[in-house]
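The first residue of the sequence shown is numbered 1, and numbering continues consecutively from there.
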Amino acid sequence: MSQVIDAQTAVAELVANVSTAFEKARAMPKSVYTSEALAELETKKIFAREWICVGRSSSLENPGDYLTLHLAGEPIIVIRDQNGTLRAMSNVCLHRMSTMLEGRGNKRVITCPYHGWSYNTDGCLRGAPAMKQNVDFSASDYRLPHYRCEEWLGWVMVSLNKDARPVAEEFGDVEAMIADYDLGSYREAFSEDFVWNTNWKILAENFMESYHLPVCHAGTIGGLSKLDEMICPPGEKNFNYHTILKDPSFTIGVAHPKNTRLVGERRRMTYLLALYPTLLITLTPGYFWYLSLQPLGASKVQVHFGGGMSPDFLGDADTEKHFNQLKTLLDEVNVEDKGCTERVYRGLCSSAAKPGHLSHLERPNYDFAVWLADRLSA
Ligand code: FES
Ligand SMILES: [Fe+2]
């Protein structure tokens, strides 16, 4: 049975947890995953402040393409305006405060479904019926509030924090480390959204370690991953990563013969990148897939899942077939990860649950815990 734990207690337990050296470290305390009060604190101290990925910019390519989301409770529209600039703005009407758009699509004009006030794609009020008799009303006074929105390596990043460092600065070290992959040129081929019954950090941590591959993924990719070919260096200030080598027989997971950018072992090297808080990218020389997470309280996570190919492979006769096989495989792997991460959440709600020691292959998890402790105790 889970108990009600206040945020202060959970943060104190987390800070104590990361005060142990990695060589002796244990998994994070269960309160960090189960406390609803801590989930609220995370919303305030992490999700309302950091850069959150909302997808690939190629999915919002044309003027008027939009998507909607809630970020830290705020209803937001991300839309490419008529001049090609991508904007993130409030999805709340400036009349009587209805939300406006839902899902994704393309609009030349954003029209509120309540009384029909309409907005241009740059957020300026375009028209409002029957408002001429209000002597104080002037359409030019109205513009939807904007949030930070940047495109970086093909990602669309949004932040509610007006003082956030530019993404390219914040994650400049990531960009330098993977420059020879040319991630910005990878094209998204699919994206999906779903909700899993687990804490967002359990799913993030599941991504950060490949220790679980041989067992959790025994039915799919487990046999392709050798524990002794995984390299887990200490994490950086705002991201962690580890690498694994792909078998050259896995054609789309290794560099295409046309690819002269990648040399040596990097031609079959997969990066697993965790950009805090929740952009989780598997980057191979041939394809990529990613998750972007948002908590729905302590016990549920909203997942945006997408992926696609590097341009070297586009135009190859077999690429589509290979990619379809890959997508089927990724879906099966996802089912396995869903099972593992939902079982962890159920397990750590038990009064008997107690965090065990970490393997050296869980180094990224430790670094993530350090980052969390730092953000939450600030
Ligand atoms: S609330 Fe949007 S037009 Fe009235
Ligand atoms: Fe997995």
Side-chain angles (χ1 to χ4, degrees), residues 17-18 20-28 173-174 176-181 183 201-236 239-256 259 261-276 280-291 307 310 322 325-326 329-330 332-341 343-344 347 355-371:
N17 172 257
V18 299
T20 306
F22 173 61
E23 292 67 28
K24 299 177 176 183
R26 289 176 180 269
M28 287 196 281
D173 292 346
V174 178
M177 186 173 73
I178 56 165
D180 49 355
Y181 284 68
L183 170 58
K201 297 181 293 296
I202 295 172
L203 181 48
E205 288 187 283
N206 177 70
F207 184 93
M208 289 172 198
E209 51 89 355
S210 292
Y211 183 32
H212 73 279
L213 298 193
V215 181
C216 169
H217 298 301
T220 54
I221 54 169
L224 302 172
S225 321
K226 299 195 188 83
L227 293 181
D228 58 1
E229 284 192 342
M230 296 172 184
I231 299 174
C232 303
E236 303 294 332
F239 71 99
N240 70 53
Y241 71 99
H242 66 285
T243 59
I244 55 181
L245 295 176
K246 288 259 178 350
D247 194 282
S249 64
F250 185 30
T251 326
I252 60 170
V254 299
H256 191 278
N259 180 338
R261 301 183 311 274
L262 290 164
V263 295
E265 223 169 37
R266 290 175 79 73
R267 296 186 70 77
R268 63 184 192 102
M269 187 175 284
T270 293
Y271 273 91
L272 294 107
L273 302 155
L275 278 56
Y276 304 149
L280 310 167
I281 307 161
T282 296
L283 174 62
T284 86
Y287 67 90
F288 77 118
W289 65 269
Y290 69 97
L291 303 176
S310 80
H322 284 148
Q325 285 166 353
L326 173 71
L329 183 69
L330 290 177
E332 289 166 4
V333 168
N334 246 346
V335 169
E336 292 168 335
D337 280 322
K338 181 174 192 287
C340 286
T341 56
R343 278 191 291 275
V344 171
H357 287 107
L358 295 179
S359 158
H360 72 281
L361 296 173
E362 292 167 301
R363 172 83 216 198
N365 302 52
Y366 177 80
D367 294 313
F368 177 54
V370 171
W371 180 85

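- Note that CG of L291 is 8.0 Å distant from CG of D337, once rounded to the nearest 0.5 Å.
- Every residue was checked against the side-chain hydrogen bond (donor to acceptor under 3.5 Å, both in side chains) condition with T243, not counting sequence neighbours, and none meets it.
- To the nearest 0.5 angstrom, H357 atom NE2 is 9.5 Å from K24 atom NZ.
- Closest non-hydrogen pair, V370 versus V18, comes out as N-CG1, 3.7 Å.
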TODO: Would you please test M177 and E236 for side chain to side chain contact (heavy atoms under 4.5 Å, CB included) and show each step?
DONE: CA-CA 12 Å; M177 186 173 73; E236 303 294 332; over 6 Å; no

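- Separating the NE2 atom in H322 from the CZ atom in F250 is a distance of 9.5 Å, to the nearest 0.5 Å.
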- [ ] Please test N240 against D367 for side chain to side chain donor-acceptor pair (under 3.5 Å), starting from the C-alpha separation and ending with a verdict.
- [x] CA-CA 7 Å; N240 70 53; D367 294 313; 6.0 Å; no

For residues 280-289, which side-chain N or O atoms pair as donor and acceptor with protein atoms under 3.5 Å away, sequence neighbours left out?
residue, atom, partner, partner atom, Å
T284, OG1, G286, N, 3.0
T284, OG1, Y287, N, 2.8
T284, OG1, Y287, O, 2.9

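- Between Y211 and S359, the shortest heavy-atom contact is CE2-CB, 3.6 Å.
- With a 4.5 Å cut-off on side-chain heavy atoms, S210 and L361 do not count as touching.
- Checked by atom type and distance alone, the side chain of R268 never pairs as donor or acceptor with a backbone atom of V254 at under 3.5 Å.
- To the nearest 0.5 angstrom, Y241 atom OH is 9.5 Å from L273 atom CG.
- Nearest heavy atom pair, residue T341 against residue I202, reads O-CG2, 3.7 Å.
- Side-chain contact between F368 and K201 is present, with at least one heavy-atom pair separated by less than 4.5 Å.
- Annotation for H217 and E336: closest pair ND1-OE1, 2.6 Å, computed over non-hydrogen atoms.
- To the nearest 0.5 angstrom, L262 atom CG is 10.5 Å from I178 atom CD1.
- Annotation for H242 and I231: closest pair CB-O, 3.1 Å, computed over non-hydrogen atoms.
- For the pair H212 and N206, the tightest heavy-atom approach, listed with the atom from each and the gap, is CE1-O, 3.0 Å.
- Ring geometry for Y181 against Y271 counts as perpendicular: the plane angle is over 60°, on a 0 to 90° scale with 30° as the lower cut.
- Distance CG/L213 to CE/M230: 4.5 Å, rounded to 0.5 Å.
- Remark: the backbone N or O of P355 is paired with a side-chain donor or acceptor of R26 at under 3.5 angstrom.
- In this structure, E332 contributes its side chain and L329 its backbone to no donor-acceptor pair below 3.5 Å.
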